[in-house]
There are 2 protein chains.
Amino acid sequence: MFGASTRLGPVSPAAVTVDLVILTVREETLHVLLVERGNEPYRGLPALPGGYVRDGETLDAAAARELEEETGLAAHRLHLEQLRAYGEPGRDPRGRIFTVAYLALGPELPVPSAGTDARAALWSPVGPYLDGTDELAFDHGMILRDALERARSQLEYTTVAAAFCAEPFTVADLRRVYEVVWDVPLDPSNFRRKVTKAERFLVPTGDRRMLDAGRPAALYRRGDARLLSPPLLRGA
Amino acid sequence: MFGASTRLGPVSPAAVTVDLVILTVREETLHVLLVERGNEPYRGLPALPGGYVRDGETLDAAAARELEEETGLAAHRLHLEQLRAYGEPGRDPRGRIFTVAYLALGPELPVPSAGTDARAALWSPVGPYLDGTDELAFDHGMILRDALERARSQLEYTTVAAAFCAEPFTVADLRRVYEVVWDVPLDPSNFRRKVTKAERFLVPTGDRRMLDAGRPAALYRRGDARLLSPPLLRGA
DNA sequence: CTAGCTTAAAGTCAAGCTGACTTTAAATAG
DNA sequence: CTATTTAAAGTCAGCTTGACTTTAAGCTAG
């Protein structure tokens, strides 16, 4: 099975895992799902949820399985996409372990302790892990930074922002997603003009949502457009 | 080393390779570097160049090494970036082999037969592999399609198009890259206005290039900008 | 020398989009 | 009824865009 390694050079078998960056917006802040490590290495440090890819399992299936195990939610209800692979030789002290990172985006989710996996999983604001205040196990800090940059960029060119909103949602809900992920304030009026003009981004339900104060807001569901044209660029 | 597999389920060791999608523009057509397979499986079929990631080697280093072996060119002269990982259980009949695909872009390169690797490597137009006329080994057809879509998208938002041009180059050289990769004609005047206005995309050398006919064109080198703002969108 | 060809580069202009801002709408609380 | 709150629509100058025209600068044929 690995006969070619003789010709190609020293190649030992390796392990392949998937790691998940599950992002959500809670209380006007971007949160990531982390698990506390119960074993060495990095015992006690928070880490991204993940696990080995099993025999006969695709990468996407492994990511979906881990997602359901950690959140207790059906994976098809979240946006899930591959981020990239990481394989630095020293990234795991136990040996050569490659990981394929996935980015998952979802609306405010139930407290994840209901998951099958018994490890303590919790939502944490991403801030302290981005600015270096707090540490993550392995190279998960880098993976988190890459994932966030991907998410920020995706908001510009795609409709994934709606994946952060539980349906039905208002234009203001959607705007708050952009403001929290990009960490900039946006003009409500101009934002509305753009997202409602984009084809098949938002589908009006006809209903309205009434809060304790103010005019009721129209409610929408996600349209079937995947790309946003024209894009919604940050950095005026 | 793989002690955790008991708890996580059946996990056999796997092999990890890198595969390269090396693109260039020759004779007004987009070409990809392919090697003919000398062994089973898929003997005789063209495939993307690639090979096993060696012990102690990073993914990027493995990709750069394969690139130099196949093209005979110093990898730092080309644009090289990770595309994504592929790991379908059945993608290689020899066993569980994950591959991390890389996208490389470069100016018209010397005939790659000068490479260290003795396999027959050749530049092929991408067309027949995209529309299904010709087949590639393994899942390399899908990888090529993903790579091309990535390249097309990158041209919109980044300055990588200049990686296809040997320095120094003219605005018309750069425009031909866009036209070939996107497969659309562009207005020369409007194209010039945009790329010359973009900050740090093009650096004038002060020289001019004279062809057999027409006014001499100003020559440029690549600037240090990586992102294009505003972006250059296709699909008017 | 100059007319004519070729390609580069600059200019023109109406239409559309953007950002900053103002106005109107529709609900609740007191 | 009025103030308050949030939603949604409207205004407008300035910028960008796409389609197109004009000028520039080389060459070559006559």
Side-chain angles (χ1 to χ4, degrees), chain A residues 28 155-157 162 165 167-180 182-199 201-221 225 227-236, chain B residues 28 155-157 161-162 165 167-180 182 184-199 201-221 225 227-236:
Chain A
E28 311 278 291
L155 256 53
E156 296 188 294
Y157 308 117
C165 300
E167 292 184 319
F169 54 89
T170 68
V171 173
D173 292 337
L174 188 64
R175 177 168 48 82
R176 260 164 236 132
V177 169
Y178 276 88
E179 293 180 325
V180 164
W182 284 351
D183 196 25
V184 292
L186 296 175
D187 182 281
S189 191
N190 294 336
F191 180 83
R192 164 186 316 281
R193 182 175 55 195
K194 287 188 180 183
V195 298
T196 54
K197 199 180 302 181
E199 292 283 318
F201 186 10
L202 302 181
V203 180
T205 66
D207 279 340
R208 314 185 158 273
R209 172 182 297 162
M210 294 191 294
L211 296 164
D212 21 344
R215 172 177 172 172
L219 290 169
Y220 297 86
R221 296 187 182 281
L227 290 173
L228 242 190
S229 64
L232 210 72
L233 303 173
R234 32 175 180 165
Chain B
E28 311 278 294
L155 256 54
E156 296 188 294
Y157 309 117
C165 299
E167 293 184 318
F169 55 88
T170 68
V171 172
D173 292 336
L174 188 65
R175 176 167 49 83
R176 259 163 237 131
V177 169
Y178 276 88
E179 293 179 326
V180 164
W182 284 351
V184 293
L186 297 176
D187 182 280
S189 191
N190 294 336
F191 180 83
R192 165 186 314 283
R193 182 176 55 195
K194 286 188 181 183
V195 297
T196 55
K197 200 181 300 180
E199 292 284 317
F201 186 10
L202 302 182
V203 180
T205 66
D207 279 341
R208 313 186 157 274
R209 172 182 297 162
M210 296 193 291
L211 297 163
D212 21 345
R215 172 176 171 174
L219 290 169
Y220 297 86
R221 297 186 181 283
L227 290 172
L228 242 190
S229 66
L232 210 73
L233 303 171
R234 28 172 184 167

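A, B, ... follow the sequence lines: proteins, then strands. Residue 1 opens every chain.
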- Item | Single hit among B:Asp207, B:Thr205, B:Leu202, B:Val195 for side chain to side chain contact (heavy atoms under 4.5 Å, CB included) with B:Tyr220 | B:Leu202
- Query: Counting side-chain heavy atoms from CB outward, which of D:dA9, C:dG19, C:dG11 is closest to A:Arg192?
  - Reply: D:dA9
- Message: Between the base of D:dG10 and the side chain of A:Arg193, is there a donor and acceptor pair under 3.5 angstrom?
- Response: no
- Across the strands shown, which category fits A:Thr170 at heavy-atom distances under 4.0 angstrom: base, sugar-phosphate, nothing? nothing
- To the nearest Å, how far apart are B:Phe191 CZ and C:dA8 C1'? 14 Å
- B:Leu174 CG to C:dA8 P, straight-line distance once rounded to whole Å: 13 Å
- Whole-Å distance between C:dA8 P and B:Tyr220 OH? 12 Å
- Message: The side chain of A:Ala218 is closest to which nucleotide in this list: D:dA8, C:dA10, D:dG10?
- Response: D:dA8
- Query: With a 4.5 Å limit on heavy-atom distance, are the side chains of B:Glu167 and B:Phe169 in contact?
  - Reply: yes
- Do the side chains of A:Leu233 and B:Pro231 get nearer than 4.5 Å, heavy atoms only? yes
- Query: Closest nucleotide of DNA chain D for A:Asp187 versus for B:Pro231: which of these residues is on the 5' side?
  - Reply: A:Asp187
- Query: To the nearest angstrom, how far is B:Leu219 atom CG from C:dA8 atom P?
  - Reply: 11 Å
- To the nearest angstrom, the CG-C1' distance between A:Leu233 and D:dT16 comes to 13 Å
- Contact check, side chains of B:Tyr157 and B:Leu232, non-hydrogen atoms, under 4.5 Å: no
- Query: What is the distance, rounded to the nearest whole Å, between atom CG of A:Leu186 and atom P of D:dA7?
  - Reply: 14 Å
- Message: If I take atom CG in residue B:Asn190 and atom C1' in nucleotide C:dA15, what distance separates them, rounded to the nearest angstrom?
- Response: 14 Å
- Message: Both B:Lys194 and A:Arg175 contact DNA chain D. Taking the nearest nucleotide for each, which residue is further toward the 5' end?
- Response: A:Arg175
- Query: How long is the gap from CZ on B:Arg192 to CG on B:Leu174, to the nearest 0.5 Å?
  - Reply: 10.5 Å
- Message: If you go through the side-chain atoms of A:Ser189, does one of them form a donor-acceptor pair with the base of D:dG10 closer than 3.5 Å?
- Response: yes
- Heavy-atom protein contacts under 4.0 Å, nucleotides 23-30 of chain C, coded B base, S sugar-phosphate only, - none: --BBSS--
- Heavy-atom closest contact (A:Ala225 atom, A:Glu199 atom, distance): CB-O, 3.4 Å
- Can a side chain N or O of A:Lys197 be found less than 4.0 Å away from OP1 or OP2 on C:dG16? no
- Query: Does any non-hydrogen side-chain atom of B:Asp173 lie less than 4.5 Å from one of B:Arg209?
  - Reply: yes
